[in-house]
Amino acid sequence: MSAPNRNLALEMVRATEAAAISAARCMGRGNKNEVDGAAVNAMRRVLNTVQMKGVVVIGEGEKDEAPMLFNGEQLGWAEDPMLDIAVDPVDGTRPTAEGKPNAISVVAFADRGSMFNPKHIFYMSKIAVGPQAAHAINIEASPSDNVRAVARALRKATQDVTVAVLDRPRHAELIKELRSIEARILLVADGDVAAALATCKQGSGADMMMGVGGSPEAVITACAMKCMGGNLQCKLWPRNDEEATKCKEAGLDLDRVLYLNDLVKSENVFFAATGVTDGTWLNGVRYTSDGILTDSVVMRSKSGTVRYIKAVHNPFKVNYNE
């Protein structure tokens with residue numbers, strides 16, 4: 001099995017830029033399927049131009065019954081390198097459709113066979129932090145204990161720690177506990193990849209992320225965390241008895257903590273993201289008289305390099321929807 005030697009992240013960003021540009025054209029129109037369809041078509045087209053033999057492990061998935069970028073689809077035109085691929089053409093289709101912030105387009109590559117496949121389990125309990133507090137978290141401890149540990153690592157008062165939480169009814173008890181210790185809470189409408197990764201960017205306004213979010217998004221987040229030096233811990237979170245039974249039948253342990261190396265084993269991980277709408281991490285797409293402006297980040301775990309890329313695209317020479 002061949003390992004990738006060139007920096008594929010610089011090729012991947014073309015795919016996230018294409019998806020973001022196509023999706024952002026649908027911003028505020030109220031049709032999330034239009035947003036997703038535009039992004040999927042553009043991303044798939046560009047990924048198929050990359051010199052690789054990739055298999056989608058984290059794709060649009062069973063939940064979306066996607067006809068493209070589905071789990072198991074092969075992408076690329078070469079015989080090597082052989083890669084696992086995780087995609088989310090738009091993490092935040094609803095915010096994009098409603099003209100709201102924090103939507104991004106993401107792609108991650110890793111050595112073949114290294115990504116965790118959550119299969120039919122769509123959700124995980126998660127806790128994420130940036131590099132300074134990477135050693136401090138323990139998903140089996142209480143939310144209060146984790147906030148206090150992160151506060152010590154960041155040399156902050158507990159009341160100054162900001163916790164990003166998806167705004168969902170299932171988080172009522174979590175929010176109640178965080179309020180009881182007077183932690184600051186940043187409620188996020190959608191997009192737990194961006195919320196988790198914001199903890200790695202100084203000045204983003206988020207010190208940690210907690211709560212239940214998507215399993216595919218957890219694997220994608222883990223890829224970026226390996227590059228940025230942050231940390232993520234997860235546990236499978238079945239929504240009902242039927243999913244819990246399926247977990248047991250598949251040999252999955254509901255009590256097992258999934259660490260970074262469980263979510264992605266490879267130490268040679270590539271990640272790219274482009275903002276679709278404005279967010280705490282990346283700016284959204286701009287359509288100007290000078291061209292189409294995109295704001296992206298590309299990274300590689302092997303080198304630890306994180307590049308922020310601001311690009312100007314000529315709309316008369318590039319049409320990702322053709």
Q: Give a yes or no on whether the backbone of Leu282 and the side-chain of Tyr308 come within a donor-acceptor separation of less than 3.5 Å.
A: no

Residues passing the salt bridge (Lys or Arg N to Asp or Glu O under 4.0 Å) test with Lys201, sequence neighbours excluded, are none

**Asked** So with a 6.0 Å cut-off around CZ of Arg286, is the heavy-atom count from everything else above 12?
**Response** yes

Shortest non-hydrogen pair, Cys234 vs Leu263, comes out as SG-CD1, 4.0 Å

Test item: Thr16 and Met43 side chains (from C-beta on) under 4.5 Å apart, heavy atoms
yes

Contact between Phe70 and Val56 at the side-chain level, heavy atoms closer than 4.5 Å - yes or no?
no

On a heavy-atom basis, the closest approach of Leu232 and Ala222 is CD2-N, 3.9 Å

Does NZ in Lys265 sit with more than 12 non-hydrogen atoms of other residues, nucleotides or ligands closer than 6.0 Å? no

Notebook entry, point to check: What do you reckon, is CE of Met27 surrounded by more than 12 foreign heavy atoms closer than 6.0 Å?
Noted result: no

So, do Ile309 and Val298 sit near enough that their side-chain heavy atoms are less than 4.5 Å apart? yes

Taking the side chain as every heavy atom from C-beta outward, state whether Arg44 and Glu73 have any pair of such atoms under 4.5 Å apart. yes

Given side chains that start at C-beta, do those of Lys310 and Asn283 come closer than 4.5 Å, heavy atoms only?
-> yes

Next on the checklist: Once you measure the plane-to-plane angle for Phe270 and Phe109, does it fall in the parallel (<30°), tilted (30-60°) or perpendicular (>60°) bin?
Outcome noted: perpendicular

Going through the checks in order, is the side chain to side chain contact (heavy atoms under 4.5 Å, CB included) test met by Lys226 and Ser266?
-> CA-CA 9 Å; Lys226 277 211 163 184; Ser266 174; 5.8 Å; no

Contacts satisfying side-chain hydrogen bond (donor to acceptor under 3.5 Å, both in side chains) that involve residues 94-104 (not counting sequence neighbours) are Arg94-Asp190, Glu98-Lys100

Show, in sequence, the C-alpha distance, side-chain angles and deciding distance for Ile121 and Glu243, and conclude whether the side chain to side chain contact (heavy atoms under 4.5 Å, CB included) test is met. CA-CA 7 Å; Ile121 305 302; Glu243 284 192 359; 4.2 Å; yes

Between Met210 and Leu178 the two heavy atoms that sit nearest each other are SD-CD2, 4.5 Å

- Query: Checking side chain to side chain contact (heavy atoms under 4.5 Å, CB included) for the pair Tyr123/Arg170: CA distance, chi angles, key distance, verdict?
  - Reply: CA-CA 12 Å; Tyr123 292 94; Arg170 62 178 177 261; 4.0 Å; yes

Exercise. Verify whether one side chain among Thr274 and Ser296 offers a donor that lies under 3.5 Å from an acceptor in the other.
Key: yes

Heavy-atom nearest pair, Trp77 first then Thr49, reads NE1-O, 3.1 Å

Donor-acceptor contacts, no H, no angles, side chain residues 244-260, under 3.5 Å, sequence neighbours left out:
from	atom 1	to	atom 2	distance (Å)
Thr245	OG1	Asp241	O	2.9
Asp253	OD1	Asp255	N	2.9
Arg256	NH2	Asp262	OD1	2.8

Heavy atoms of Gln51 and Ala78 approach each other most closely as CG-CB, 3.6 Å

Using a 4.5 Å cut-off on heavy atoms from C-beta on, say whether the side chain of Thr158 contacts that of Arg148. yes

Review point. Should we say atom CD of Gln132 is surrounded by more than 12 heavy atoms from elsewhere, each under 6.0 Å from it?
Key: no

query: Between Val306 and Val297, is any pair of side-chain heavy atoms under 4.5 Å apart?
result: yes

Q.
Does Arg179, at its CZ atom, have more than 12 non-hydrogen atoms belonging to other residues, nucleotides or ligands within less than 6.0 Å?
A. no

Closest non-hydrogen contact found for Cys200 with Gly230 is SG-CA, 4.1 Å

